[in-house]
S.K.: 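Structure provided below as structure tokens; questions to follow.
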2 protein chains.
Amino acid sequence: MEARIDKIKQQLQSKGYKLTPQREATVRVLLENEEDHLSAEDVFMLVKEKAPEIGLATVYRTLELLSEMHVVEKLNFGDGVSRYDLRGESNKHHHHHLICVQCGSMDEIREDWLLPLEERLEKEYRFTVLDHRLDFQGICHRCRAKEEDNG
Amino acid sequence: MEARIDKIKQQLQSKGYKLTPQREATVRVLLENEEDHLSAEDVFMLVKEKAPEIGLATVYRTLELLSEMHVVEKLNFGDGVSRYDLRGESNKHHHHHLICVQCGSMDEIREDWLLPLEERLEKEYRFTVLDHRLDFQGICHRCRAKEEDNG
DNA sequence: TTAGTTGCAAAGCTTTTGCACCTCG
DNA sequence: CGAGGTGCAAAAGCTTTGCAACTAA
């Protein structure tokens, strides 16, 4: 935890930015909720517990900054709000999402299934892949089980 | 063209909705710009040429309706606006996007590269895939060519 | 000093909603 | 009549921005 914060601090400082108390609190919230995909509002409410004086604009600015630095990834699931995801150590986003259209749940697949495709893009389309995003919409195993119970 | 409009008309009528002149004009714009990913505002401006009296709210309501009926797909590329894509005959969205982070262009890959993955999801995760979305962010061949020229 | 940062409020944007009016079987 | 549809304007949300004040090298 502390090591990861130090690293982010260094990344910021290398570009002339500071890890202010507000920013540190924001990063800690992201670290503590790494499994979730928090919206700016979510982050704001959680940060307020640590730093009650913080403003929503600061949270937005911090998330935007972290996003530019590729510390977090800005995600969009089409529900009208941006969500933010801490990037893994590899600095690449190697997971995919299973979004259930019935219950709205979202599961993750933490493997990266796209490496062969990225190689093909490089060769066939001369496209250099920096990142990707793969979401599946469908029916999750829990909802399928429910349907089987009822049917 | 007329055949596809008739089909959409029937789909609407089967659910008790009407293909009003405004809706038809909207659908025609979508058909005429099938290659693009128009925003609601884009559609609005194009529809205004055919039906100047139309309101933006009607366009939004039409796109929402067509989206619910799976005639169009609502897309989100993270640029703050929803975009709308007419669905193909197969009623499945079998293409992927190459989004260039330098020039903002978006190319499409019209093949579906994910069928093996969808089979794996079905087996390993018991997840029924209804649709998917795959976007790659990176540098397109045009920008790469420019860089090579300059360097 | 100087560049970066912050909280607040206001503004900006896209999208949705309320409502009176209209259409058509 | 009654359900569906429309245009307009207002409202609703999320996000960004202007600004004066603050911080730390």
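All chains are named by letter (A, B, ...) in the order of the sequence lines, taking the proteins before the strands, and each is independently numbered beginning at 1. Note that these values count all heavy atoms, side chains included, but never hydrogens, waters or copies made by symmetry.
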S.K.: Can you sort out which residues in residues 16-25 of chain A have a heavy atom within less than 4.0 Å of DNA chain C? Ascending by number, please.
M.R.: A/Gly16, A/Tyr17, A/Lys18, A/Thr20, A/Gln22, A/Arg23

S.K.: So, is B/Thr58 near the phosphate of D/dT6, with a side-chain N or O under 4.0 Å from OP1 or OP2?
M.R.: no

S.K.: Using the side-chain hydrogen bond (donor to acceptor under 3.5 Å, both in side chains) criterion, which residues pair with B/Glu24? Sequence neighbours excluded.
M.R.: B/Arg28

S.K.: Measure the distance from NZ on A/Lys9 to C1' on C/dT5 and round it to the nearest whole Å.
M.R.: 16 Å

S.K.: Using the side chain to side chain contact (heavy atoms under 4.5 Å, CB included) rule, take B/His37 and B/Tyr84 through it: C-alpha gap first, then chi angles, then the decisive distance, then the call.
M.R.: CA-CA 6 Å; B/His37 303 78; B/Tyr84 300 86; over 6 Å; no

S.K.: Once you round it to whole Å, what is the distance between C1' of D/dA21 and CD of A/Glu53?
M.R.: 15 Å

S.K.: Check side chain to side chain contact (heavy atoms under 4.5 Å, CB included) between B/Thr128 and all other residues, then give those that pass, not counting sequence neighbours.
M.R.: A/Ile139, A/Arg144, B/Glu122

S.K.: Can we say B/Glu68 and B/Lys15 salt-bridge, meaning some charged N sits less than 4.0 Å from an Asp/Glu carboxylate O?
M.R.: no

S.K.: Got a salt bridge between B/Asp85 and B/Arg83, using NZ or NE/NH1/NH2 to carboxylate O under 4.0 Å?
M.R.: no

S.K.: What integer distance in Å separates A/Gln13:CD from C/dT5:P?
M.R.: 11 Å

S.K.: If the condition is side-chain hydrogen bond (donor to acceptor under 3.5 Å, both in side chains), which residues does A/Asp107 pass it with, not counting sequence neighbours?
M.R.: A/Arg142

S.K.: Using whole Å, report how far CG of B/Leu63 lies from P of D/dT6.
M.R.: 12 Å

S.K.: Does B/Tyr17 have more than 12 heavy atoms from other residues, nucleotides or ligands lying within 6.0 Å of its OH?
M.R.: no

S.K.: Report all side-chain donor-acceptor pairs from residues 46-61 of chain A shorter than 3.5 Å, counting only partners two or more places apart or in another chain.
M.R.:
residue : atom : partner : partner atom : Å
A/Lys50 : NZ   : A/Glu32 : OE1          : 3.2
A/Lys50 : NZ   : A/Glu32 : OE2          : 3.1

S.K.: Set out, line by line, the N/O atom pairs under 3.5 Å between protein and nucleotides 10-17 of chain D.
M.R.:
residue : atom : partner : partner atom : Å
D/dT15  : OP1  : A/Ser82 : N            : 2.9
D/dT15  : OP1  : A/Ser82 : OG           : 3.3
D/dT15  : OP2  : A/Tyr60 : OH           : 2.3
D/dT15  : O5'  : A/Tyr60 : OH           : 3.1

